[in-house]
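Structure first, then comments.
Small disclaimer: the values here were computed from a predicted structure and weren't measured. Letters A, B, ... are given to chains in the order of the sequence lines, protein chains preceding strands, and every chain is numbered from 1.
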Amino acid sequence: MTILTKTEINCTTGVVTEVPLTPEEISEREVSLQAMIAREEEQLAAAEALATLKASAKAKLIAGEPLTAEEADTLVI
Amino acid sequence: MATTYKHLATATVTGSTNTITFSGIPQTYTDLVIKFRTRDASNEGYRSYMYWSPNDAWYYHRSFLFVVDSTTTFATSPNTWAYTPYLCGLTGAQDDTSGFFGTGELKITDYTSNYPKSAIYDSGHFSAFSTTWAHGFGGNQILSSNPITSITLSGPSNRNLTIDSTASLYGLKSS
């Protein structure tokens with residue numbers, strides 16, 4: 001099992017310390033990073049959905065077909 | 001007026017460590033810059049993301065643009081988010097070819113103020129193992145109301161940063 005440690009360097013004194021992370025610190029890190037990853041994935045999905053809407057709007061414009069309100073929103077600045 | 005960099009501290013990993021913390025940061029500069037060069041304990045010859053946290057971690061906005069393996073990923077935060085460690089770049093893997101690290105620079109503006117602070121970063125990585133590359137930049141707006149007195153750098157939550165990873169902290173001010 002990997003031992004997770006933390007290194008601290010005091011910029012005022014120059015003292016360096018290295019100690020193992022506590023179970024609570026490990027748990028906190030896991031929870032917060034997973035939350036960040038979930039947010040990034042959510043934003044990526046939203047960006048992909050927008051790109052799909054834009055592509056659909058473009059195809060309909062070229063074909064002379066009516067756009068949905070959502071598709072029209074992607075074209076209005 | 002020229003801006004001068006004052007080296008404050010360098011942490012060099014001799015074995016492995018999960019986080020690197022710069023504490024006791026002097027409050028006598030206008031901005032801080034951290035330069036990092038890291039590999040984490042991945043055995044996939046690949047890359048992961050780097051994160052940073054100030055002592056006064058608080059709600060934030062953020063934007064970034066990454067190109068990873070020729071795929072573009074970008075995001076902005078239209079809303080204020082509750083604190084999680086802030087993204088600041090890329091880290092390499094320990095089993096990649098010797099000398100290949102993720103590198104980056106993080107700059108934090110007005111870190112001594114009692115008002116929101118902004119940070120920008122720029123980072124890149126090339127994996128000799130997988131012959132793939134990645135580059136990204138972005139920024140955070142941190143809605144804290146206290147000066148930053150310590151900063152922690154970390155890789156993925158379940159991995160240590162490995163040997164020869166380094167991080168240096170500099171203080172900036174006008175000369």
Linked, directly or transitively: B/I34 and B/I142 (ILVMFWY side chains, under 4.5 Å): yes
Segment of B/Y86 engaging chain A (4.5 angstrom heavy-atom cut-off): backbone
Linked, directly or transitively: B/M50 and B/Y170 (ILVMFWY side chains, under 4.5 Å): no
Joint hydrophobic cluster, B/F126 plus B/F101, side-chain heavy atoms closer than 4.5 Å: no
Salt bridge (Lys or Arg N to Asp or Glu O under 4.0 Å) partners of residues 127-139 of chain B, not counting sequence neighbours, each pair once: none
Part of A/L21 lying under 4.5 Å from any heavy atom of chain B: side chain
In one Ile/Leu/Val/Met/Phe/Trp/Tyr side-chain cluster, 4.5 Å: A/V16, B/I151: yes
Most contacts with chain A, counted as non-hydrogen pairs under 4.5 angstrom, among B/P156, B/P85, B/A9: B/P85
Point-to-point distance, once rounded to the nearest 0.5 Å, from NZ of B/K6 to SG of A/C11: 11.5 Å
Residue A/E70 excluded, over 12 heavy atoms near CD under 6.0 Å: no
Hydrophobic cluster identity match, B/V68 and B/L87, side-chain contacts under 4.5 Å: yes
Gap separating the CG atom of A/N10 from the CG atom of B/L8, nearest 0.5 angstrom: 11.0 Å
Spatial distance of atom OG (B/S150) from atom CD (A/E8) [nearest 0.5 Å]: 7.0 Å
Contact residues of residues 11-29 of chain B (partner chain A; heavy-atom separation under 4.5 angstrom): B/A11, B/S16, B/T17, B/N18, B/T19, B/I20, B/T21, B/F22, B/S23, B/G24, B/I25, B/P26
Atom CH2 of B/W133: over 12 foreign heavy atoms under 6.0 Å: yes
